[in-house]
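Notes to accompany the following structure.
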Amino acid sequence: MENKRMRALIDEINAHNYRYYVLDEPSVSDGEYDKLYDELRALEVETGVVMPDSPTRRVGGEPVKGFLPHTHLSKLYSLDKCTTADGLRDFDARIKRTQADPLYSVEYKLDGLTICLTYENGLLRGAATRGNGEVGEDVTAQVMTIRSVPAAIPYRGLLEVQGEGIMRLSAFEAYNRTAAEPLKNARNGVAGAIRSLDPAVAAARKLDIIFYHVNYIEGDTLKSQSECLSFLRENRFKTQPTFVSGDIERVIGHVAGIERNKLDFLIDGMVVKLEDFAARRALGFTDKFPRWAIAYKFEAEEATTTLSEVVFNVGRTGKLTPLALVEPVELYGVTVRRATLNNMGDIERKNVRVGGRVFIRRSNDVIPEILGAADDKGARIEAPAVCPACGSPLVTVGAHLFCENEEGCPPQITGRIEHYASKDGMDLVGISEKTIAALHDRLGVRSVADLYLVTEEQLRGLEGFKDKKTGQFFRSLERSKRVPLHRFVHALGIENVGKKTARDLAAHYKTMEKLMDAEAAELVGIEDVGDIVAASVIGYFEKHRPLIQRLFAYGVRPQPVTQAESAADSPYAGKKLVVTGTVEGYGRKELEELIRGLGAKPQASVSKETDLLIYGENAGSKLEKARELAVETMAAAQFLTSILDRIR
Ligand code: IVH
């Protein structure tokens with residue numbers, strides 16, 4: 001009786017696990033799941049019976065004393081590799097010596113730890129690492145903690161399947177956010193966990209296995225890689241999408257188009273395999289590799305190098321950011337000399353030292369990131385005692401160091417001007433980092449308000465400012481005086497106020513005067529504005545009211561944002577608008593903003609769906625296309641006149 005109920009519970013829980021961990025399609029709430037699990041656990045305690053595929057076996061269990069050897073049913077081969085398109089063409093030529101019209105299956109080369117699972121009578125018998133290809137280590141207890149691995153499968157025969165144990169990058173990042181000892185990378189995350197004698201380590205790391213090969217199946221019943229992957233999927237294993245083609249040039253194109261940094265797991269290349277298993281058997285193996293597959297390896301994304309020096313840069317908010325200078329090293333095909341270290345806390349946590357070796361890895365930013373120390377050599381990195389830019393004393397706030405010399409520290413001043421002038425701010429034209437340095441050093445510009453005092457003569461004295469650029473700069477400076485309020489708020493660079501918050505504040509307060517008088521109670525009432533943002537806003541205006549008043553005095557009048565109001569009764573509300581050609585006095589961004597303000601949608605290209613094309617000077621193919629498609633068109637000047645009362 002109990003056994004029957006236990007069987008039913010196990011089947012139901014395993015089915016939920018499969019949908020959750022393999023298909024990523026949860027079918028019950030956590031509460032419902034827990035109820036089933038608790039009932040099963042209670043029955044197991046009561047009866048003293050724990051069935052072999054019970055989900056309760058997955059929790060981590062007792063540490064094992066040592067790893068036992070596991071002999072694979074059939075040898076696990078490695079893969080031959082190449083790094084160029086020609087390498088793939090050579091592979092194709094080799095195959096074609098014996099195979100007419102081969103088809104290739106192209107897969108990710110997953111960068112984790114190879115794991116081999118043995119099933120018998122539909123039950124997981126054991127899991128092992130690759131080892132030397134013939135004998136690996138038994139890691140069943142560790143692998144059992146991986147929820148996507150089925151404990152029982154429909155197939156009843158003797159079976160050995162191969163896959164790659166991985167740690168998803170999202171799981172890796174989440175783990176490192178709170179870990180006392182951060183992992184160097186996701187590969188070490190999985191390898192360390194599977195090789196740890198304590199299965200609880202693997203359980204804590206939320207690992208996964210993606211399967212790509214059937215190493216042994218009774219009677220050799222599978223006929224192709226596609227069939228093999230379908231078989232794996234039918235038996236509830238997680239697999240990866242594949243690309244199949246008989247044309248090596250299309251294979252090369254596919255491989256070149258892979259955007260590996262968009263994936264949530266590490267790959268170090270792509271594997272190209274012959275689809276047909278009879279053809280595979282005809283080709284066979286060398287000592288180490290199958291002749292029917294090849295790994296195309298990408299450029300390394302991770303490397304070790306020596307940390308030569310750490311310098312501290314000062315940003316516009318006075319925050320000091322450490323930058324690591326490293327001995328030049330090749331990473332993903334470029335020579336890397338600099339890497340990010342986030343703050344002093346990060347340096348200490350990662351225990352990196354000047355003169356020691358460090359792991360560096362490409363991150364989503366342009367500058368790669370230092371992951372941790374690769375040895376314990378070198379000298380400790382000391383926090384600077386004074387600001388490296390201006391010599392002022394520093395203060396520590398949380399994990400960061402700050403220079404408080406806001407008015408006199410050059411990089412803070414130039415940083416604020418750069419932010420004020422940026423595209424999402426006042427969109428000033430001709431203001432590069434170099435120009436800002438010259439404005440600061442040669443013309444004595446010390447605040448964003450000083451920009452409005454610069455004369456044409458002064459500007460022409462700077463390198464690169466001939467008629468055109470000088471004209472552009474002053475026109476954009478004039479235009480900035482009528483910037484929409486939210487862009488002005490963003491341009492000020494108030495701490496914790498990014499683009500979105502600036503929009504929210506502008507939409508709520510409508511005018512600068514009202515925003516400057518904002519009170520905490522009202523601020524926190526705005527959606528997404530919390531205590532920290534409110535304190536930043538209030539603190540900013542307490543200190544910088546004179547700056548805003550100076551800007552007002554020079555004619556800056558941020559435009560109240562009445563988007564919602566003007567959108568409601570705009571004749572363009574809900575319409576799809578395209579702008580083409582140049583429109584005197586307006587940048588593309590401004591026009592788009594204007595369009596959005598009218599409740600309309602700016603679009604990049606003309607289609608049948610377009611409601612109106614607005615054309616300026618030198619309009620070309622888009623105007624032609626609009627006429628072809630009989631889309632309504634309007635000259636920019638006419639459009640601007642029609643909405644004059646809304647933009648004044
Ligand atoms: S097929 C007999 N497919 O890369 C061929 N291997 O460097 C069996 N690997 O030992 C391997 N992703 O651990 C294959 N999609 C994939 C793979 C893959 C990663 C690993 C595997 C192999 C190593 C070779």
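Not measured: the values here are computed from a predicted model. First listed ligand is number 1; within each ligand, the first listed atom is number 1.
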If you have a sec, work out which protein heavy atom is nearest atom 18 (C) of ligand 1 and how many Å separate them, to one decimal?
-> Y212 CZ, 3.4 Å

Nearest-option assignment for atom 12 (N) of ligand 1, heavy atoms, candidates L76, I115, L110, N215 = L110

Would you check whether H213 has a nitrogen or oxygen atom less than 3.5 angstrom from a nitrogen or oxygen atom of ligand 1?
-> no

Which atom of L207 lies closest to which atom of I146, heavy atoms considered | O-CG2, 3.3 Å

Would you call the rings of F285 and Y77 parallel, tilted or perpendicular if under 30° counts as parallel and over 60° as perpendicular?
-> parallel

Report the nearest protein non-hydrogen atom to atom 8 (C) of ligand 1: residue, atom name, distance rounded to 0.1 Å.
-> Q162 OE1, 4.0 Å

Part of F285 with heavy atoms under 4.0 Å of ligand 1, whether side chain, backbone, both or neither | neither

Pull out every atom of ligand 1 sitting under 4.0 Å from any heavy atom of T114, numbered as shown with elements.
-> 13 (O), 21 (C)

Shortest non-hydrogen contact from E160 to C116?
-> CG-SG, 3.3 Å

Could you tell me whether ligand 1 has any atom less than 4.0 Å away from a heavy atom of K273?
-> yes

Can you list the atoms of ligand 1 that are under 4.0 Å from a heavy atom of V271?
-> 3 (N), 15 (N), 16 (C), 17 (C)

Taking all atoms of both residues into account, what is the closest heavy-atom pair of E164 and L110, and its distance?
-> OE2-O, 3.2 Å

Please confirm whether Y108 and F265 have ring centers closer than 6.0 angstrom.
-> yes

For D80 and F289 the tightest heavy-atom approach is N-CD2, 3.3 Å

Measure the distances from the heavy atoms of F211 to every atom of ligand 1 and state whether one is below 4.0 angstrom.
-> no

Ligand 1 to K109, heavy atom cutoff 4.0 Å, flagged ligand atoms 4 (O), 7 (O), 12 (N), 19 (C), 20 (C), 23 (C), 24 (C)

Could you go step by step and tell me if V161 and V214 meet the side chain to side chain contact (heavy atoms under 4.5 Å, CB included) rule?
-> CA-CA 4 Å; V161 291; V214 170; 4.2 Å; yes

Can you name the closest pair of heavy atoms from R260 and F298 and give their distance?
-> NH1-CB, 3.4 Å

Just one of K81, R187, K297 clears the salt bridge (charged side-chain N to carboxylate O under 4.0 Å, His left out) bar with D268, so which one?
-> K297

Proximal atoms of ligand 1 relative to Y77 (non-hydrogen, under 4.0 Å) = 10 (O)

What about E107: any of its N or O atoms under 3.5 Å from an N or O on ligand 1?
-> yes

May I ask you to list the atoms of ligand 1 that are less than 4.0 angstrom from any heavy atom of Q240?
-> 15 (N)

